[in-house]
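Chain letters run A, B, ... following the sequence lines, proteins first and then strands; every chain starts at 1. Because the structure is a prediction, the values reported are computed rather than measured.
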There are 2 protein chains.
Amino acid sequence: MANIHDVAKAAGVSISTVSYALSGKRSIGEETRRRIADAVRELGYRPNAGARMLASTRTNIFAVTAPLHSGTYEPAHMAFVLAVTRAARAYDYDVLLLTEDEATKGLRRVAASRLVDGVIVLDVSKDDERTKLLRELDIPAVVIGIPDDTEELVCVDLDFRAAAEQSVRRLADLGHRRIGLLGHPEQIYARGSNFPHRFRAGFLDAASALGVDAAFAMPGHGPVGVRAALDELFEKQPDMTGLVLNCEEPIQASVLDILADRGVRVPEDLSVISACSSFDTTRFHPPLDVIPLVAAETCVRAVELVVEQIAGAEGPHVELVPPHYSEHGSTAPVPDLRDAR
Amino acid sequence: MANIHDVAKAAGVSISTVSYALSGKRSIGEETRRRIADAVRELGYRPNAGARMLASTRTNIFAVTAPLHSGTYEPAHMAFVLAVTRAARAYDYDVLLLTEDEATKGLRRVAASRLVDGVIVLDVSKDDERTKLLRELDIPAVVIGIPDDTEELVCVDLDFRAAAEQSVRRLADLGHRRIGLLGHPEQIYARGSNFPHRFRAGFLDAASALGVDAAFAMPGHGPVGVRAALDELFEKQPDMTGLVLNCEEPIQASVLDILADRGVRVPEDLSVISACSSFDTTRFHPPLDVIPLVAAETCVRAVELVVEQIAGAEGPHVELVPPHYSEHGSTAPVPDLRDAR
DNA sequence: CTGAAAGCGCTTACAG
DNA sequence: CTGAAAGCGCTTACAG
């Protein structure tokens, strides 16, 4: 392995000139630059990562901490890990993955050993032990998701409350007065994931603000559990004409199967909105109106915020990414209104 | 941040003694050890990762390279990433995640800069560009999966051929003489994933060796595509009595739905085996006999093999993890045999 | 059982 | 525009 001395010798310059030529931190003569570039290429030189870390006090590594306990639905979380990793590369950062019990223990470890320049926190619960740790750790960090206590933290996430409000408003604007929310399975709320609570709260608040009657139910396991939750909603509101789905893909697919089985037409009999979904709802039958949960936008912003902190800017604050509603034909004016015409 | 000099001063010893006390690489006096331990605790000392890398030429980081292109079914791949990460921690290694186009570019980068001590290659295709790169790179590496050309490589994987053979033998032993294999969607084979090919080849070879007629079909998209593939199998062999599923969870679930719809009883009318599945087949109705694809065992072995290479042992070779058949009541003697009793 | 010192390969003031 | 040198914080022969 060639080192910086080999390059300097081959190019006939000092090692500092090589270093500056590579970092671009000072201007280099045309001829010198060329000779260095040639030497680097011929020797296949790459700066040694450890030496660089030690000398520069930068590692160019982020920790991504994500418990990813088996209960979490992986495709959605995986999308965030990938999106963060891709966004990090745009700033020349690599990503170290801390999962399961290492999500907390490893965070302490890599922060204390200065293995990483910053931290991105995924899959945060309402009362997440990592947020407390971050406050002691004094390392640039961004939380994706909004825990209950955001003090001293930089947080960024899709605005789930606004997304819920948008869904309700959409239905209300179409004249619906009895609507339902099919949420995530009970365990998700119990474990304290932050966003399902935010969505549900936003949904109920918006409904009451807009004078719409709202019911809420959580699916049990498998198609049977989904059926039970739907039954619960229709029992609470027999004349329910609008349904918002805030749950994972298999459950939403199951809902559409069950509705089809029962001859409930979407949107003629029931308007359905898929809210904060990280998958493609246009492949459903019928395609569903959706407020997408786009990992990319949030993760790019999160990486930007860590980078800014590393550069010394940015104080603690919460940043909400606005949701966007996409129509795909699964909502329509409330049936009896049309009948009344 | 306290450094090793602070600890040495506080403990009244030299920095080399601190270093040795922490690494355990030479014996330390009882009293000295205690004073160092106290100083470390009081100062919250953690060795600086960059300094350690530079001095020791070890980084204690593995690269995990996994393209994870959107077509891959994430839960299965995620399980491998998690299993490798967990296994790596047992040897005090962290994991750097290289995905998408970085799976190859990043591999070159982190190897050349000595950011990682070793590499674990996931999601390898039959003709994977990373295998060629590994041969030039001269870095300890283990491939999980078996590419077409394994020269100079260390590879480890579940023995998919043996798993296929076990499935066929199981059915043959029960008297089945017409069996089918429902594989992965066509794109998976086309993209060159290595294991579906190995399974299919093993299946067809075993069938012909055991004198069993075998048909193969690939599901299209969604329940409709699965239905078509099943139709294809039953068309090719109207008297098919055994079915092996080597595909992802949603497809297997769909198969069982369709069979139930058609009144095909499992196992009375059709024996079904779920082969090389990384999910829980006992939650299906009915629970399926399964040869599990356990990420843990393969990944633990992969990490061991990298660690051994780093230590200087281990030449290139291919290691196959033997499959294990679990009965859950979805196979039975062939129907006409029982009727004939 | 312990210490003084070299050295890992960079970056970055300092100097010209 | 370029160089000589200090220094980042460790590990590990070398020596006793």
Side-chain angles (χ1 to χ4, degrees), chain A residues 1-37 39-40 43-61 92 109-117 310-311, chain B residues 1-37 39-40 43-61 92 109-117 310-311:
Chain A
M1 285 267 118
N3 66 22
I4 196 170
H5 288 98
D6 300 325
V7 176
K9 198 179 303 171
V13 297
S14 71
I15 63 161
S16 54
T17 301
V18 174
S19 177
Y20 283 119
L22 260 40
S23 69
K25 288 191 181 169
R26 78 180 180 193
S27 44
I28 304 286
E30 182 55 39
E31 161 72 1
T32 307
R33 178 197 311 286
R34 202 188 42 68
R35 288 213 312 279
I36 291 174
V40 164
L43 296 170
Y45 170 70
R46 288 272 193 169
N48 177 283
R52 198 167 227 187
M53 289 181 200
L54 181 55
S56 68
T57 67
R58 287 287 167 79
T59 68
N60 280 287
I61 302 177
D92 204 30
R109 181 169 50 77
V110 301
S113 67
R114 307 276 97 181
L115 216 199
V116 303
D117 294 336
I310 292 171
Chain B
M1 285 264 121
N3 65 20
I4 196 170
H5 289 98
D6 300 326
V7 175
K9 197 178 305 172
V13 297
S14 71
I15 64 161
S16 53
T17 300
V18 174
S19 177
Y20 283 118
L22 259 41
S23 69
K25 288 190 181 170
R26 77 181 181 193
S27 43
I28 304 287
E30 183 54 40
E31 161 71 4
T32 307
R33 178 195 313 285
R34 202 188 42 68
R35 288 213 312 279
I36 292 175
V40 165
L43 296 170
Y45 170 68
R46 289 271 193 168
N48 178 282
R52 197 168 229 186
M53 289 181 200
L54 181 56
S56 68
T57 68
R58 287 286 168 79
T59 68
N60 280 289
I61 301 176
D92 204 28
R109 180 169 51 78
V110 300
S113 66
R114 307 276 96 181
L115 217 198
V116 302
D117 294 336
I310 292 171

Taking OP1 and OP2 of C/dT12, is either one under 4.0 Å from a side-chain nitrogen or oxygen of A/Lys25? yes
For the side chain of A/Asn3, starting at C-beta, report the closest nucleotide among C/dT2, C/dC10, D/dT2. C/dC10
Within less than 4.0 Å of OP1 or OP2 of D/dG9, is there a side-chain N or O belonging to B/Arg52? no
Between C1' of D/dC8 and CE of B/Met53, the distance in whole Å: 14 Å
Give me the atom names and distance for the closest heavy-atom approach of A/Val18 to A/Ala8. CG2-CA, 3.7 Å
Counting only Watson-Crick or G-U wobble pairs whose two distances fall under 3.5 Å, which nucleotide matches C/dA13? none
If I take atom CD in residue A/Glu30 and atom C1' in nucleotide D/dC1, what distance separates them, rounded to the nearest angstrom? 13 Å
Phosphate-side-chain proximity, A/Ser16 and D/dT2, N/O vs OP1/OP2 below 4.0 Å: no
Main-chain N/O of A/Arg46 paired with B/Ser113 side-chain donor or acceptor, under 3.5 Å: no
Nearest whole angstrom, please: distance from the P of C/dC10 to the CD1 of A/Ile36. 13 Å
To the nearest Å, give me how far apart CG (B/Leu115) and C1' (C/dG9) are. 14 Å
Decide, yes or no, whether a salt bridge links A/Arg34 with A/Glu30 under the criterion of side-chain N to carboxylate O below 4.0 Å. no
Mind checking if B/Ser23 touches a base, just sugar-phosphate, or nothing, with heavy atoms under 4.0 Å? nothing
Quickly work out the B/Asn48 CG to D/dC10 P distance and round it to whole Å. 6 Å
Taking any strand in view, what nucleotide pairs with D/dA4 in a Watson-Crick or G-U wobble way, both distances under 3.5 Å? none
On the nucleotide D/dT11, are OP1 or OP2 found under 4.0 Å from the side-chain N or O atoms that B/Ser56 carries? no
Only one of A/Val40, A/Asn48, A/Leu22, A/Ile15 forms a side-chain contact (heavy atoms from CB on, under 4.5 Å) with A/Ile4, so which one is it? A/Ile15
Rounded to whole angstroms, how far apart are CD1 on B/Ile15 and C1' on C/dC8? 13 Å
Can you say whether a donor on the side chain of B/Arg26 sits under 3.5 Å from an acceptor on the base of C/dG3, or the other way round? yes
Please give, in whole Å, the distance from D/dC8 P to A/Leu54 CG? 9 Å
Looking at B/Thr17, I'd like to know whether one of its side-chain N or O atoms comes within less than 4.0 Å of OP1 or OP2 on C/dG3. yes
For B/Thr32, what residues pass the side-chain hydrogen bond (donor to acceptor under 3.5 Å, both in side chains) criterion, not counting sequence neighbours? none
Between C/dG9, C/dT2, D/dG3, which nucleotide has the shortest distance from any of its atoms to the side chain of A/Ser14? D/dG3
For B/Ile61 versus B/Met53, what's the shortest heavy-atom pair and its separation? CD1-CE, 4.0 Å
With a 3.5 Å cut-off and heavy atoms only, can you find an N or O donor on one side and an acceptor on the other between the side chain of A/Tyr20 and the base of C/dA13? yes
Measure CZ/A/Arg33 against C1'/D/dT2 and give the value in whole Å, please. 13 Å
Give B/Thr57 one of three labels, base, sugar-phosphate or nothing, depending on what nucleic acid heavy atoms sit under 4.0 Å from its own. nothing
